[in-house]
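Quick one: the structure is below, and I'll ask about it shortly.
Order of the sequence lines sets the chain letters (A, B, ...), proteins ahead of strands, with each chain counted from 1.
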2 protein chains.
Amino acid sequence: MSDEFDHSEAQPDSATEGDYSISRRDIAAILYSVDANDQAKLIELMEPLHAADIADLLEQLNPYDRRRLVRLYDREFDGDILSELEEGLREEIIRVLSPEVLAEAVRELDSDDVVDLVEDLDEPQQEAILDALEDSDRVAVEQALAYPETSAGRLMQREVVVAPDHWTVGEAIDFLRKAEELPEQFYHVVLVDPRIHPVGNVTLGKLMSSRRNVPLTEIVEDVFQVIPVLQDEADVAYAFNQYHLISAPVVDEDNRLVGVITIDDAMAVLDEEHEEDILRLAGVGDEASLTDTIFEAAKGRALWLFVNLLTAILASLVIDMFAETINQMVALAVLMPIVASMGGNAGTQTMTVAVRALATRDLTAQNAMRVVLREVSVGALNGLIFGGTMALVVALWFGVPMLALVIGLAMLFTQIAAALGGIVIPMALDRAGIDPALASGPFVTTVTDVVGFFAFLGLAASVLM
Amino acid sequence: MSDEFDHSEAQPDSATEGDYSISRRDIAAILYSVDANDQAKLIELMEPLHAADIADLLEQLNPYDRRRLVRLYDREFDGDILSELEEGLREEIIRVLSPEVLAEAVRELDSDDVVDLVEDLDEPQQEAILDALEDSDRVAVEQALAYPETSAGRLMQREVVVAPDHWTVGEAIDFLRKAEELPEQFYHVVLVDPRIHPVGNVTLGKLMSSRRNVPLTEIVEDVFQVIPVLQDEADVAYAFNQYHLISAPVVDEDNRLVGVITIDDAMAVLDEEHEEDILRLAGVGDEASLTDTIFEAAKGRALWLFVNLLTAILASLVIDMFAETINQMVALAVLMPIVASMGGNAGTQTMTVAVRALATRDLTAQNAMRVVLREVSVGALNGLIFGGTMALVVALWFGVPMLALVIGLAMLFTQIAAALGGIVIPMALDRAGIDPALASGPFVTTVTDVVGFFAFLGLAASVLM
C-alpha cells in the first residue's frame with residue numbers, strides 16, 4: 001500500500017472540497033524545519049507529498065526559502081519534482097542542486113520526461129543532464145531532441161509493446177507474461193505488419209477477456225489513429241481529444257512504428273495550448289508565470305501595450321479631426337468614450353468566440369459565411385438595444401434630441417463594425433497562418449475605436465453643427 | 001481490422017498537416033447524396049467517419065441540410081454521434097430522429113454517456129430516452145442523475161473491475177480470464193478491503209508482467225487518489241491533471257467504492273472548464289456555441305454589455321465633472337481615451353494572469369502578498385515607460401510641456417491602479433466564492449476608466465488651469 005493512499009484517507013474532508021493543495025499549517029511546519037535546519041523532520045514532512053505538490057510548493061515560496069529547502073532536502077530531491085516544475089523555475093533549481101543529486105534525479109526519469117525537462121534548458125545545463133544519463137537513455141533523449149520542437153517526436157515514448165498482426169490472444173498473453181521488461185505505463189498492444197507498419201490497437205482489457213485462440217486482428221479497437229512523427233503537438237492533442245484516444249502509435253515518413261504517445265502527455269499539451277490562448281488573447285504573451293521576474297513580466301506585457309498605444313494614438317487623431325466640433329459641444333467629449341468602450345467590448349466578445357471556434361475547428365470554410373452573417377446580426381441586434389438605450393439616457397441627461405439620435409446611430413454602426421471585425425479579422429489571420437489569439441486584439445481594437453469615434457463625432461459634426 | 005484504419009492510412013498527407021476535419025470535397029459529395037436522396041451513397045460516404053467528425057459535420061451544416069441528412073441517414077444514426085454533438089444541437093437532432101432510431105441509438109451507449117446525454121435535455125425528451133433503455137441501464141442512469149449536477153457521481157461509470165486486496169497476481173488473472181463481462185475500457189484493477197473501501201490500483205500492464213505468486217498489494221501504483229462522489233467535476237479534472245491519473249475510484253461518504261472515473265472524462269471536463277474561463281473572461285457567458293440562434297447569442301452577450309454600459313456611464317460622469325476644463329483645452333478630450341485605454345489593457349493583462357493562476361492554484365495565500373507586490377511593480381515599471389513615452393509624444397504634438405507632464409503622471413497612476421485592481425479584484429472575488437473569470441472584468445474596467453479619466457482631467461484642472 002502506498003503512502004499517497006494513507007495521505008488521501010487521512011484527509012477525506014479536505015478532499016471533498018477538492019482542496020488538493022498543501023495546507024497552510026503543513027507549509028508552516030515545512031518552513032519551520034528548514035529554519036531549524038532539521039533535515040530529518042523536513043524529509044518526514046515531505047514524504048507524503050506528491051512530486052506535483054512539492055513543485056507547486058516550491059513555486060509559491062520566495063527564492064530564499066526555496067533555495068534553502070532544496071539544499072536541505074538534498075538527496076531526497078526527486079527527478080519527478082523537476083518534471084513538474086514550471087520552466088522558469090527549473091533552471092533556478094537545477095543551479096541549486098549539487099551535480100550528484102541532479103544526476104541521480106534525472107536517472108530515475110523516463111526518457112520522454114527527460115526530453116521535456118532538457119528541451120528548454122540552455123546548452124551547459126542540458127549537457128550536464130545528458131552527461132548524467134546512462135548511454136542508452138542519453139541516445140534516446142538525443143534522438144528525440146533531433147525531432148523539431150513541439151513535434152510528436154518530442155512527445156512520444158520509444159518503448160512500445162508490439163505484437164505481429166498474425167498472433168492470437170494466447171500468443172500475445174504468453175509473450176507479455178514472459179517479457180523481461182515492459183514499459184511502466186501502457187494501455188495497448190500495437191499490432192504491426194511484417195514491415196512494422198502499425199495496423200491496430202488491442203487494449204489489455206480486451207486481451208484479458210478474450211479466448212486464447214481468437215486472432216488479435218479480431219479484437220482491435222474500432223478507433224485507430226496513427227500520429228505522424230513530425231505532426232505538431234497541438235494537432236496531436238486535438239486528435240486525442242476529438243477521438244477519445246488513450247494511446248496512439250507514432251510513425252515515420254515510411255509509416256513505420258517509431259513510438260507511442262499516451263493520453264497524459266496529450267492532456268498536458270492541451271492544457272498548455274489553452275493557457276497560451278487565454279494569455280495571448282489578453283496580450284500577456286507566452287512567458288507569463290508567477291515566478292517570472294518583474295522585468296520579464298513587464299517586458300512581455302509592454303509589447304502589447306505598445307501596440308495598443310499606437311492604436312490609441314490613431315484613435316486620438318480621429319478625435320483631433322473633430323476638435324472644433326467638440327469645442328462647440330463639450331457633451332461630445334463626455335459621451336464619446338461610451339461609444340468606443342461598448343464597441344471594444346462587443347469586438348472582444350466576437351473575437352473570443354471566433355478564436356475559440358477556430359481552435360476547436362468548429363469554424364470552417366463550410367460554415368464561415370453563415371457564422372459571419374450570424375455575428376453581424378447579433379451585433380446589429382445589440383446595437384439596436386444599446387443604441388436605443390443610450391439615446392434615451394442622453395435625451396434625459398442632456399435634453400438634446402438630436403444628440404440622442406447621433407449617439408444611438410453611432411452605437412449601432414459601431415456594434416456592427418465590432419461584430420464584423422471581431423469575426424473577419426481572426427478568420428483572415430488564421431488563413432494567413434498567423435495565430436489569431438495572438439494578433440487579433442490590436443486589429444479589432446483599432447476598428448472599434450476608429451469607427452466608434454468617427455461615427456459619433458462625424459455624425460455630430462454633420463447633424464448638430 | 002477496422003474501417004478507421006483504412007481511412008487514416010488512405011490520407012497520410014492530410015494527417016501530417018494535422019487536418020483531422022472532413023475535406024470540402026467529401027462534404028460536397030455527402031450533400032450531393034442528400035440532394036439526390038441517395039441513401040446507399042450517403043451511408044457509404046459516412047461509413048469511414050468517426051462519430052466525432054459526423055457530429056462536427058452536422059454542426060457546420062445549415063439547419064435545413066442538417067435535418068435532411070439526419071432523416072436520410074435514418075437507422076445508421078449512432079448513439080455516439082449524439083454524445084459528440086454540442087448541447088444546443090442535441091435537442092434539435094433528437095426532435096428530428098424517429099422514436100425507433102432514437103431508442104436504438106441510446107441503447108448502444110454506456111450508461112455514463114447516456115447520463116451526459118440526457119442531463120441537459122428538457123423533461124419530455126429525457127423521458128423519451130430513459131424509456132428507450134433497458135431496465136438495468138435505466139436504473140443506472142437514474143441513480144447517476146440523482147447526484148448533483150457537475151458532481152463526480154455524474155461523471156463516473158459504475159462498472160468497476162475489483163479484486164480483494166488479499167489476492168495474488170495469479171488469482172486476479174484467472175478471475176479476469178474467466179469473467180463473463182468486463183467493461184469496454186478499463187485500465188486498473190481496483191483493490192478493495194473487506195468493507196469495499198478501495199485501497200490501491202493495479203495497472204493491467206503491471207499485472208501482466210508480474211509473477212503469479214506476487215500479492216497484488218505489492219504492485220499497486222504509487223499514486224492513488226480516491227474521488228469523493230460529491231466532489232465537483234472541476235476538482236476531479238484538476239486532480240487528474242495534477243497527479244497524472246489514468247483512472248480513479250469514486251467513493252461514497254463511507255469511503256465505499258461506488259464507481260470509477262477515467263482520464264478521457266476528466267479531459268473532456270478540463271476542456272469545458274477552459275472554454276468557460278476563456279468565454280467568461282471575454283464576457284460572452286456560458287452558452288456561446290456557433291449553432292446558438294442569433295437571439296440566444298445576443299442575449300448572452302447583452303448582459304455583459306449592459307454592465308459595461310453602466311461602467312462607461314460612470315466614467316462619463318467623471319468626465320462631465322471636468323467639462324469646464326475640457327472646454328478650455330480641447331486637447332484633453334483628444335488625449336483622455338489614450339490614458340483610459342492603456343489602463344484598461346494593463347488591467348486586463350493582470351486580471352487574466354490572476355484568474356489563470358487562481359484556476360491552476362498557483363496563486364495561494366502563501367504567495368499572495370508577493371504576487372500583488374510584483375504586479376504593482378510591473379504596473380509601475382510599464383507606467384514609467386509608457387507615461388514617459390506619451391509625455392514625449394504630447395510635448396512634440398501639442399508643444400505644451402505641462403500637458404506632457406500631466407499625461408505622463410496620469411498614465412503612471414493609471415497603470416499602477418490597473419495592476420492593483422487587476423490582481424486584488426480577482427483574489428477578493430475568489431475568496432468570496434464568486435468565479436473571478438465571470439465577474440472581474442466589469443470591476444477592473446471601472447477602476448481603470450474612473451482612475452484614468454480622474455487622474456488625467458483632475459491633474460489637468462489643477463496644473464493647467
Flag, side chain of Gln349(A) to backbone of Val284(B), donor-acceptor distance under 3.5 Å | no
Leu204(A), part contacting chain B, at a heavy-atom distance under 4.5 Å |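 For Leu204(A), backbone and side chain are both near chain B.
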Given a strict heavy-atom distance threshold of 4.5 Å, which part of Arg212(A) is in contact with chain B: side chain, backbone, both, or neither?
->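 Both parts, backbone and side chain.
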Glu84(A) portion near chain B, given a 4.5 angstrom heavy-atom threshold =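 Contact with chain B is through the side chain of Glu84(A) alone.
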Portion of Asp165(A) that has a non-hydrogen atom of chain B nearer than 4.5 angstrom = neither
Flag the one option from Leu182(B), Leu207(B), Asp320(B), Val229(B) with the top tally of heavy-atom pairs under 4.5 Å to chain A.
-> Asp320(B)
So which of Leu332(B), Asp264(B), Ile227(B), Asn345(B) has the biggest tally of heavy-atom pairs under 4.5 Å with chain A?
->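 Greatest number of close heavy-atom pairs with chain A: Asn345(B).
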Does atom CZ of Arg24(B) have more than 12 heavy-atom neighbours, drawn from other residues, nucleotides or ligands, at distances under 6.0 Å?
-> no
Any side-chain heavy-atom pair from Leu281(A) and Met351(A) closer than 4.5 angstrom?
->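 Result yes, sub-4.5 Å side-chain heavy-atom pair found.
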For Asn241(B), is it the side chain, the backbone, both, or neither that has a heavy atom closer than 4.5 Å to a heavy atom of chain A?
-> both
Leading residue by heavy atom contact count with chain A [cutoff under 4.5 Å; candidates Ile27(B), Leu305(B), Leu61(B)] =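 Of Ile27(B), Leu305(B), Leu61(B), Leu305(B) has the most heavy-atom pairs under 4.5 Å with chain A.
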Walk me through it: do Asp56(A) and Ile22(A) pass the test side-chain contact (heavy atoms from CB on, under 4.5 Å)?
-> CA-CA 9 Å; Asp56(A) 283 350; Ile22(A) 311 171; over 6 Å; no
Straight-line distance of Lys299(A) NZ to Leu381(B) CG, nearest 0.5 Å =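 These two atoms lie 12.0 Å from each other.
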Can you say whether Ala365(B) sits under 4.5 Å from chain A via the side chain, the backbone, both, or neither, judging by heavy atoms?
-> both
Tell me, side chain or backbone of Leu245(B) under 4.5 Å from chain A's heavy atoms, or both, or neither?
->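 Neither part.
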Taking the side chain as every heavy atom from C-beta outward, state whether Glu253(B) and Leu230(B) have any pair of such atoms under 4.5 Å apart.
->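 Answer yes - side chains close enough.
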Is chain B contacted by the side chain of Leu373(A), its backbone, both, or neither, given a heavy-atom distance below 4.5 Å?
-> neither
Contact check, side chains of Glu273(B) and Asp277(B), non-hydrogen atoms, under 4.5 Å =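 When only atoms from C-beta onward are counted, Asp277(B) and Glu273(B) do not touch, as no gap falls below 4.5 Å.
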Could you tell me which portion of Thr348(A) (side chain, backbone, both or neither) has an atom closer than 4.5 angstrom to a non-hydrogen atom of chain B?
->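 Contact with chain B involves both backbone and side-chain atoms of Thr348(A).
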Go through Gly283(A), Ala266(A), Ala302(A), Ala179(A) and name the one with the most non-hydrogen pairs under 4.5 angstrom from chain B.
->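 Highest number of heavy-atom pairs under 4.5 Å: Ala302(A).
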Any residue meeting side chain to side chain contact (heavy atoms under 4.5 Å, CB included) with His274(A), in chain and number order, not counting sequence neighbours |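 Residues passing side chain to side chain contact (heavy atoms under 4.5 Å, CB included) with His274(A): Leu270(A), Arg356(A), Asp271(B), His274(B).
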Let me know if Ile313(B) has heavy atoms under 4.5 Å from chain A in its side chain, its backbone, both or neither.
-> both
Is there side-chain contact between Met336(A) and Pro337(B), with heavy atoms separated by less than 4.5 Å?
-> yes
Chain A heavy atoms under 4.5 Å from Arg374(B): which part of the residue, side chain, backbone, both or neither?
->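 Contact with chain A involves both backbone and side-chain atoms of Arg374(B).
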Heavy-atom side-chain proximity of Phe295(B) to Val378(A) below 4.5 angstrom | no
Which one of Trp397(A), Phe240(A), Phe453(A), Phe306(A) has the most heavy-atom pairs closer than 4.5 Å to chain B?
->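 The candidate making the most pairs under 4.5 Å is Trp397(A).
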Close side-chain approach of Ile278(B) to Thr352(A), heavy-atom, < 4.5 Å = yes
Relative to chain A, which of Ala298(B), Gly205(B), Ala312(B) shows the most heavy atom pairs under 4.5 Å?
-> Ala298(B)
Identify which part of Ile338(A) has an atom lying under 4.5 Å from any heavy atom of chain B, answering side chain, backbone, both or neither.
->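 When you check distances to chain B, atoms from both the backbone and side chain of Ile338(A) fall under 4.5 Å.
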Best-contacting candidate, Val371(A), Leu335(A), Ile246(A), against chain B by heavy atom pairs under 4.5 angstrom =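 Going by pairs under 4.5 Å, I would pick Ile246(A).
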Using a strict 4.0 Å threshold on nitrogen-to-oxygen distance, state whether Arg301(B) and Glu375(A) make a salt bridge.
->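 Yes, this pair counts.
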Against chain A, label Thr262(B) side chain, backbone, both or neither, depending on which of its atoms sit under 4.5 Å from a heavy atom there.
->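 Interface part for Thr262(B): neither.
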Is it true that the side chains of Asp53(B) and Tyr243(A) contain a donor and an acceptor less than 3.5 Å apart?
-> yes
Check each atom of Ala346(A) against the heavy atoms of chain B and say whether the ones under 4.5 Å are side chain, backbone, both or neither.
->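 Both parts, backbone and side chain.
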Return yes if a side-chain donor-acceptor contact under 3.5 Å exists between Asn308(A) and Thr445(A), otherwise no.
-> no
Bottom line for Thr203(B): the part with an atom under 4.5 Å from chain A's heavy atoms is side chain
Select one option (side chain, backbone, both, neither) describing which atoms of Asn382(A) are under 4.5 Å from chain B's heavy atoms.
-> side chain
Between Ser209(A), Ala268(A), Ala331(A), Gly379(A), which shows the greatest number of heavy-atom pairs under 4.5 Å with chain B?
->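 Of Ser209(A), Ala268(A), Ala331(A), Gly379(A), Ser209(A) has the most heavy-atom pairs under 4.5 Å with chain B.
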All ring pair (Phe, Tyr, Trp, His ring centres under 6.0 Å) counterparts of Phe186(A), not counting sequence neighbours | none
Do Asp235(A) and Arg361(A) meet the salt-bridge criterion of a basic N to acidic O distance under 4.0 Å?
-> yes
Could you check which of Glu59(B), Lys206(B), Glu86(B), His244(B) has the highest count of heavy-atom pairs closer than 4.5 Å to chain A?
->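 The residue among Glu59(B), Lys206(B), Glu86(B), His244(B) with the greatest pair count is His244(B).
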Heavy-atom distance under 4.5 Å to chain B: side chain of Phe322(A), backbone, both or neither?
-> neither
Which portion of Met390(A) sits near chain B, non-hydrogen atoms under 4.5 angstrom |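 Met390(A) touches chain B through side-chain heavy atoms alone.
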Would a 4.5 Å heavy-atom cut-off, applied to side chains only, mark Met342(B) and Leu309(A) as touching?
-> yes
Of the listed residues (Ile385(A), Val161(A), Asp362(A)), which shares the most heavy-atom pairs with chain B below a 4.5 Å separation?
-> Asp362(A)
If you count heavy-atom pairs under 4.5 Å with chain A, which of Ala234(B), Ser316(B), Ala333(B) comes out on top?
-> Ser316(B)
Going through the distances and angles, do Gln366(B) and Leu57(A) end up as a side-chain contact (heavy atoms from CB on, under 4.5 Å)?
-> CA-CA 9 Å; Gln366(B) 186 64 28; Leu57(A) 172 66; 5.7 Å; no
Cut-off 4.5 Å, heavy atoms of chain B, and the answer for Thr293(A) is backbone
Below 4.5 Å from any heavy atom of chain B, which atoms of Leu363(A) appear? Answer side chain, backbone, both or neither.
-> both
Heavy-atom distance under 4.5 Å to chain B: side chain of Gln415(A), backbone, both or neither?
-> side chain
